[in-house]
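Step one of this worksheet: look at the structure below.
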Number of protein chains: 4
Amino acid sequence: MASAGKGVIGGKTVPAGPRRRRKEERPGEIVEAAFEEFARSGFAATKLDDVAARAGITKGTIYLYFPSKEDLFLATMREMSRPSREHLAALTAAPQGPAMAILRSHFTFEYAQMVEDRRTREIIRMLLAEVSRFPDVVERWRAEVIGPEVEALRRVVRYGIERGEFRPSAAEEFPHLLFAPVIMACTWRLMFGDDHALDGAAYLEGHLDLMERGLARGEGDVRG
Amino acid sequence: MASAGKGVIGGKTVPAGPRRRRKEERPGEIVEAAFEEFARSGFAATKLDDVAARAGITKGTIYLYFPSKEDLFLATMREMSRPSREHLAALTAAPQGPAMAILRSHFTFEYAQMVEDRRTREIIRMLLAEVSRFPDVVERWRAEVIGPEVEALRRVVRYGIERGEFRPSAAEEFPHLLFAPVIMACTWRLMFGDDHALDGAAYLEGHLDLMERGLARGEGDVRG
Amino acid sequence: MASAGKGVIGGKTVPAGPRRRRKEERPGEIVEAAFEEFARSGFAATKLDDVAARAGITKGTIYLYFPSKEDLFLATMREMSRPSREHLAALTAAPQGPAMAILRSHFTFEYAQMVEDRRTREIIRMLLAEVSRFPDVVERWRAEVIGPEVEALRRVVRYGIERGEFRPSAAEEFPHLLFAPVIMACTWRLMFGDDHALDGAAYLEGHLDLMERGLARGEGDVRG
Amino acid sequence: MASAGKGVIGGKTVPAGPRRRRKEERPGEIVEAAFEEFARSGFAATKLDDVAARAGITKGTIYLYFPSKEDLFLATMREMSRPSREHLAALTAAPQGPAMAILRSHFTFEYAQMVEDRRTREIIRMLLAEVSRFPDVVERWRAEVIGPEVEALRRVVRYGIERGEFRPSAAEEFPHLLFAPVIMACTWRLMFGDDHALDGAAYLEGHLDLMERGLARGEGDVRG
DNA sequence: AATGAATGAGGCTTCATTCAT
DNA sequence: TATGAATGAAGCCTCATTCAT
């Protein structure tokens with residue numbers, strides 16, 4: 001047992017073989033496991049025993065990397081919402097070409113992200129479920145992810161209006177209206193499970209179509 | 001707390017001391033308190049002690065009316081989602097007049113219900129948060145509340161298409177697209193609190209405007 | 001409901017009818033019910049709710065007659081072991097006729113009492129089960145019931161020896177040996193239930209036969 | 001208590017502090033402590049706190065080894081009745097020599113076991129006290145311990161009759177009659193405590209003497 | 001005398017956290 | 001670094017007891 005997974009190379013003991021545990025990967029593995037459990041059961045009902053079991057380690061080991069369950073939760077949220085955060089950069093670039101093309105491309109990405117990627121979906125669930133216990137997490141997510149997203153959308157809408165592609169509409173004040181179907185599909189799937197999920201491609205196309213007609217300058221519209 | 005001692009209700013002195021009896025009202029009071037606590041903390045993190053304290057009774061009393069915490073939760077969900085259930089009847093009536101008027105009236109109601117009424121909002125939160133523990137509750141809600149709602153919307157859209165008011169669109173297959181802004185406003189408020197709530201009237205009007213333009217038959221649209 | 005079970009005779013309201021509750025009988029009814037429950041579950045596991053339900057009253061009523069669960073238990077034991085106590089008088093009379101006849105008559109009675117009467121059997125169970133909680137009850141039972149019984153048997157044995165019917169034997173010092181088969185049948189039935197009960201009459205006859213042979217002066221025995 | 005801090009076992013220092021680890025010995029220690037408490041107070045009135053305190057651990061530790069109080073009770077009964085179970089093998093050997101010698105040897109053993117060994121005695125008490133809560137335990141004990149015991153006795157009695165040593169008697173049908181004094185001494189001691197215990201050796205001799213006379217073929221008895 | 005709603009102490013059980021190895 | 005036995009605070013639930021009606 002003392003020698004399991006150990007090898008001797010050059011007179012020095014190093015971790016080796018399938019049982020080798022790469023210490024740099026441990027926190028990630030734990031966070032991974034924690035995510036699954038937190039997503040399934042929520043913060044309070046999640047047992048560190050289950051997290052440990054899923055990560056293939058023992059409960060005590062978690063405490064080598066995270067000082068408390070709460071910290072583990074925070075780390076998990078931080079880690080799992082990183083993709084969303086990173087994507088934002090692309091959005092803030094100066095808009096070019098037809099505004100509708102930008103929206104199309106943006107929402108196509110957002111569907112993949114928020115509806116089809118289970119990770120992001122479950123982040124949403126956790127944010128909703130644990131606001132009162134972790135208001136800071138939600139607030140940071142609002143400030144760093146959703147707020148900028150809304151702003152970016154607003155800029156695109158304005159850009160569309162300016163270039164005469166869109167009519168003036170409430171979408172300028174409430175870009176949320178454009179984003180809403182994404183949230184709808186996301187919560188729908190969160191609630192009713194993958195079995196009742198809305199057909200992705202068709203739903204997305206429907207969304208884009210309605211949005212386009214909703215935003216578009218009509219025949220008789222006066223330029224705003 | 002405010003009611004310690006004696007109280008006067010309807011000009012009649014009623015027992016209101018630490019040991020007052022109120023068989024009729026107790027279950028309601030408990031469910032009321034339970035709702036607040038469950039909404040705040042979720043099922044697992046809610047302490048029956050806190051529920052009792054909020055209801056002005058002691059823990060043991062809860063068990064006179066509900067056999068377990070789980071049953072209390074179920075009763076709470078049932079009780080609190082009753083308004084939504086009852087409203088459905090109105091929706092299923094045969095459509096009359098402009099389809100857009102029906103949608104306007106319907107969504108006006110839905111905003112009041114799902115966005116402005118805290119009760120309904122919090123029900124949504126709980127459904128999202130506790131699916132894995134109470135799948136039956138969610139399933140029943142889908143079958144009895146949301147499913148019929150979607151169906152009703154679909155009928156209105158078809159009715160609008162038939163009378164030439166609306167163009168054919170994905171809204172027929174996915175009435176969810178029309179409903180989405182309600183869900184968006186609901187989850188937005190659930191997440192970010194009343195302080196960040198979207199301006200109700202303006203948002204609703206924006207929604208209806210975009211929807212109308214999105215659904216409406218355009219100048220060059222071919223009928224059918 | 002206010003008039004249930006009430007009658008008016010001679011201008012005076014009196015309890016009447018099948019629902020009449022005769023207050024003199026209440027304590028007895030409660031003790032009766034308590035006995036069943038204590039016998040089934042033991043002191044600690046018995047719920048006053050169940051006692052009340054069995055007695056057809058409510059829990060609070062018990063406290064009108066017995067100040068505590070413990071007192072109820074004591075009263076139950078006292079009440080239920082009364083028959084044994086009363087029987088003792090008969091035993092202490094001066095012996096007459098063949099000693100064996102006395103023993104026969106005595107054990108016949110004891111079988112009926114300790115083996116066939118469920119009440120007495122269950123008293124034994126409770127005494128065994130609750131000694132450490134109610135040592136006084138057991139002590140009193142020993143002093144007032146079992147002790148005298150053993151003494152009485154001893155006197156009969158001595159009487160038998162004196163009249164040359166029995167040989168001297170350990171039964172003089174340990175009349176328990178004669179009594180043992182009764183206890184055996186009693187505990188057997190307590191443990192294994194009525195379904196596995198030993199055949200009463202045959203067993204008793206067997207007991208008496210073996211006892212007679214065991215005690216009897218043999219051909220070669222020297223008079224002791 | 002005596003072992004707080006460090007202890008020396010077999011010349012080796014072992015951890016014995018408040019948090020010592022003893023995976024191998026723990027279950028045994030717990031069962032040991034549980035036995036004492038269950039025997040003293042019965043299942044319902046026994047507090048796991050007390051069991052833990054007696055075992056020198058805390059309540060939570062019990063649950064590392066036993067999933068519930070009930071399981072602990074079952075394990076305790078199983079463990080504590082093991083000696084009785086193991087002894088049975090010896091009984092089933094083919095009888096040799098005088099039947100009375102076999103009986104003498106057997107009952108000598110049984111006295112040591114059921115009367116003088118506190119463990120076995122208390123097992124009897126628990127069986128009697130908890131039948132209604134743990135019928136299976138009792139049933140298994142009947143099937144595996146007492147049933148075979150009775151059968152073995154019956155074989156010896158028959159063997160004695162066959163070899164002309166015993167007369168035919170009810171002991172053949174009811175070997176319980178022979179066994180009864182053991183049970184009597186056992187319950188006597190259970191009820192009245194060690195202070196009132198019957199004098200072991202004399203009582204046993206008395207039992208054997210009466211039994212021998214009771215079973216023996218007399219001068220005038222007809223064979224068979 | 002009787003009710004039965006209410007209480008609150010106490011028990012079983014869970015689980016985050018600690019710590020000796 | 002990793003383990004996993006041990007801890008102990010806390011939560012759910014029960015039930016003897018109280019008390020206003």
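Chain naming here is simple, since letters A, B, ... match the order of the sequence lines and numbering starts at 1 in each. Since this is a predicted model, take the numbers as computed values, not measurements.
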Quiz prompt | Phosphate OP1/OP2 of F/dT3: any A/Thr58 side-chain N/O under 4.0 Å | solution = yes
Quiz item: When you check the phosphate oxygens OP1 and OP2 of E/dC15, does a side-chain N or O of A/Lys47 lie under 4.0 Å from one of them?
Solution: yes
Exercise. Could you check which of F/dA2, F/dC13, E/dA6 has an atom nearest any side-chain atom of B/Ser68?
Key: F/dC13
Quiz item: Does anything in residues 43-52 of chain D pair up under salt bridge (Lys or Arg N to Asp or Glu O under 4.0 Å), and if so which pairs, sequence neighbours excluded?
Solution: D/Asp49-D/Lys59
Exercise. Using the closest heavy atom to pick a nucleotide of DNA chain F for each, name whichever of D/Tyr65 or C/Thr46 lands nearer the 5' end.
Key: D/Tyr65
Quiz item: Side-chain donor or acceptor of C/Lys69 under 3.5 Å from a matching atom on the base of F/dT17?
Solution: no
Practice problem: May I have the distance from C/Asp49 (atom CG) to E/dA6 (atom P), rounded to whole angstrom? | Solution: 15 Å
Self-check item: Sub-4.5 Å side-chain heavy-atom contact between B/Leu64 and B/Arg26
Solution: no
Quiz prompt | Consecutive Watson-Crick or G-U pairs in runs of at least 3, all under 3.5 Å, in which DNA chain F is involved | solution = E:2-21 with F:2-21
Quiz item: Between D/Tyr63 and E/dC15, is there a side-chain N or O to OP1/OP2 distance below 4.0 Å?
Solution: no
Practice problem: Could you list all the salt bridge (Lys or Arg N to Asp or Glu O under 4.0 Å) pairs where at least one residue sits in residues 65-80 of chain D, not counting sequence neighbours? | Solution: D/Glu79-D/Arg82
Quiz prompt | B/Glu29 CD - E/dA5 P separation (whole Å) | solution = 14 Å
Quiz item: How many Å lie between CD on A/Glu70 and C1' on E/dC15, as a whole number?
Solution: 15 Å
Quiz prompt | Any donor-acceptor N/O pair under 3.5 Å between E/dT13 base and D/Lys59 side chain | solution = yes
Self-check item: Nearest listed nucleotide, side chain of D/Thr61, among E/dA2, F/dA6, E/dT7
Solution: F/dA6
Self-check item: Nearest-nucleotide 5' precedence on DNA chain E, A/Ala45 against B/Gly60
Solution: B/Gly60
Quiz prompt | From E/dA2, E/dA16, F/dT17, nucleotide with atom closest to A/Leu48 side chain | solution = E/dA16
Quiz item: If you look at every heavy atom in A/Ser132 and A/Pro135, which pair is closest and at what distance?
Solution: O-CD, 3.8 Å
